[in-house]
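Down below is the structure, laid out as C-alpha cells.
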Amino acid sequence: MTTYAGDTCQLPGTSYAFGPRPGVIIYEYPTAHRPSTEKDSIVVGFKTRYPNAILLSVQCSVDGDYLLITLEQGNAHIRYNLGSFDHHVSELSVRVDDGKYHVLRFDRTEANSSLWLDDRPPRLHAPSDERQLFTLNMQYRVSLGGRPTETDHRRPSFLRLRRRLRRTSAGLVGRTLIERPFTGVLTGVNYNGLRILDMHAQGDGRIRQLGDIAI
C-alpha cells in the first residue's frame with residue numbers, strides 16, 4: 001500500500017492543504033454499512049512545520065473504540081482502543097515537523113501493530129495480555145486533519161466552549177469542534193483501501209470538508 005494512485009500506482013496521490021485556520025475532511029460510512037475490522041492498513045503522506053496535530057481519526061459508535069494518528073511534540077504516534085485497553089506505538093527517533101515530505105504506514109492485526117515512517121525500520125507493538133479484544137467495532141467516521149465533534153450553539157455552554165478554545169489546541173468551524181487541527185499538506189491517504197482524498201476530489205457524496213482546506 002502506497003500514497004500513489006492509478007492501476008499500477010504510477011500517479012501521485014491527491015494532496016490537500018490544511019490551514020492556517022482549522023479544517024477537516026470527513027468520510028461518513030452509511031449507517032447500514034459501518035465496518036468492524038480485525039485488520040487495518042493505513043498510509044498517510046504529509047508535510048508540516050507544526051509539532052502537534054491529529055492527522056487521521058477513526059470514530060466508532062461503540063464506546064471506547066477509536067484509532068488516532070497524531071503528531072506529538074514533532075513525533076509520529078498511533079493510539080487505538082479495541083474495547084479493552086489503550087494501545088500506543090510511536091516513532092521517537094526523528095521529528096517530522098521539518099517541512100519535508102514524510103510517509104507513515106500503519107498495519108494492525110488484532111491487537112498487534114506495526115508503524116513504518118519513511119524508510120526506517122518498523123516500530124512494533126505486541127501486547128502480551130491474554131485479555132485483549134481484537135476488533136475495531138462499528139466505525140462510522142474517518143476524519144483527516146483533526147477529530148470533529150458537533151456542538152449545539154443554542155446551549156449556554158456554547159459560549160463557555162468558545163472561551164475555552166482560546167486556551168486549548170482546538171478550533172471551531174460553525175458548530176463543529178475540531179480537536180488538534182492539522183496545518184500542512186496531506187497526500188494520498190489510504191484507509192483500508194479507501195483513498196479518501198482522491199474520492200473527495202472526484203466529488204464522492206459521502207465526504208465533506210469544513211474550514212480552511214484547498215486542493
Side-chain angles (χ1 to χ4, degrees), residues 1-4 13 24 27 29 34-48 50-98 100-149 169 179-182 184 186-197:
M1 183 180 289
T2 74
T3 61
Y4 284 81
V24 66
Y27 173 88
Y29 285 102
R34 293 178 173 176
S36 297
T37 56
E38 293 187 359
K39 295 183 178 181
D40 295 305
S41 294
I42 308 170
V43 177
V44 180
F46 66 95
K47 60 180 178 180
T48 184
Y50 292 81
N52 300 296
I54 292 174
L55 302 182
L56 182 146
S57 164
V58 181
Q59 293 168 278
C60 301
S61 57
V62 174
D63 287 344
D65 287 29
Y66 72 90
L67 188 149
L68 287 173
I69 299 179
T70 67
L71 304 182
E72 302 173 22
Q73 300 302 313
N75 298 122
H77 295 256
I78 298 180
R79 303 178 186 274
Y80 57 99
N81 191 309
L82 307 175
S84 52
F85 303 98
D86 283 324
H87 300 277
H88 178 215
V89 59
S90 60
E91 174 56 84
L92 301 178
S93 68
V94 60
R95 294 180 66 106
V96 293
D97 56 341
D98 54 4
K100 298 179 181 179
Y101 181 68
H102 298 278
V103 176
L104 181 152
R105 175 183 167 192
F106 174 73
D107 287 335
R108 178 184 70 85
T109 300
E110 298 180 343
N112 302 316
S113 62
S114 304
L115 164 63
W116 286 264
L117 182 65
D118 299 329
D119 57 357
R120 291 171 176 78
R123 300 293 181 178
L124 307 177
H125 175 67
S128 58
D129 195 311
E130 295 181 355
R131 297 172 296 169
Q132 300 293 335
L133 298 178
F134 299 142
T135 305
L136 188 63
N137 288 289
M138 296 296 291
Q139 303 160 39
Y140 72 89
R141 175 185 288 168
V142 181
S143 303
L144 308 180
R147 179 163 59 183
T149 302
S169 57
E179 181 184 350
R180 285 185 279 169
F182 172 74
L186 293 180
T187 299
V189 175
N190 190 326
Y191 177 75
N192 289 339
L194 292 172
R195 304 191 62 87
I196 295 174
L197 297 181

- Can you list the steps and then say if Arg123 with Leu92 is a side-chain contact (heavy atoms from CB on, under 4.5 Å)? CA-CA 10 Å; Arg123 300 293 181 178; Leu92 301 178; over 6 Å; no

I'd like to know if the side chain of [X] reaches the main chain of [Y], judged simply by a donor and an acceptor atom lying under 3.5 Å from each other, with no hydrogens or angles considered.
| X | Y | answer |
| --- | --- | --- |
| Arg131 | Ser84 | no |
| Asn190 | Ile42 | no |
| Arg95 | Gln73 | yes |
| Glu91 | Ser93 | yes |
| Arg180 | Phe182 | no |
| Gln59 | Arg147 | no |

- Could you point out which residue of Val58, Asn192, Asn137, Leu82 forms a side-chain contact (heavy atoms from CB on, under 4.5 Å) with Thr37? Asn192

Working to the nearest 0.5 angstrom, can you tell me the gap between [X] [atom1] and [Y] [atom2]?
| X | Y | atom1 | atom2 | value |
| --- | --- | --- | --- | --- |
| Leu71 | Leu55 | CG | CG | 4.5 Å |
| Asp118 | Arg105 | CG | CZ | 13.5 Å |
| Phe134 | Lys39 | CZ | NZ | 12.5 Å |
| Leu133 | Glu38 | CG | CD | 10.5 Å |
| Asp86 | Asn81 | CG | CG | 4.5 Å |

Within the structure provided, determine whether [X] and [Y] are in side-chain contact (heavy-atom separation under 4.5 Å).
| X | Y | result |
| --- | --- | --- |
| Ser57 | Leu67 | no |
| Leu115 | Leu104 | yes |
| Val96 | Thr48 | no |
| Arg141 | Pro148 | yes |

Give me the atom names and distance for the closest heavy-atom approach of [X] to [Y].
| X | Y | answer |
| --- | --- | --- |
| Asn75 | Val94 | ND2-O, 3.0 Å |
| Val44 | Phe46 | O-CD2, 3.9 Å |
| Ser36 | Thr135 | CB-CG2, 3.7 Å |

- Evaluate side-chain contact (heavy atoms from CB on, under 4.5 Å) for Tyr29 paired with Leu194, printing each intermediate quantity in order. CA-CA 11 Å; Tyr29 285 102; Leu194 292 172; 3.5 Å; yes

- Query: Do Glu179 and Thr149 have a side chain donor and acceptor closer than 3.5 Å?
  - Reply: no

- Query: If we ignore angles and hydrogens, is there a donor and acceptor under 3.5 Å between the side chains of Asp107 and Ser41?
  - Reply: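 On atom types as modelled, these side chains qualify, holding a pair under 3.5 Å.
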
- Message: Let's go through Cys60 and Leu136 carefully: what are the C-alpha distance in whole Å and the side-chain angles of both, what is the deciding distance for side-chain contact (heavy atoms from CB on, under 4.5 Å) to 0.1 Å, and is it a yes or a no?
- Response: CA-CA 8 Å; Cys60 301; Leu136 188 63; 3.9 Å; yes

- Output every pair passing ring pair (Phe, Tyr, Trp, His ring centres under 6.0 Å) with a member in residues 58-86, not counting sequence neighbours, ordered by first then second residue. His77-His88, Tyr80-His87, Tyr80-Phe106

- Message: Assess the residue pair Ile54 and Thr70 against the criterion (side-chain contact (heavy atoms from CB on, under 4.5 Å)); give the C-alpha distance rounded to whole Å, side-chain angles, the decisive distance to 0.1 Å, and a yes or no.
- Response: CA-CA 4 Å; Ile54 292 174; Thr70 67; 4.0 Å; yes

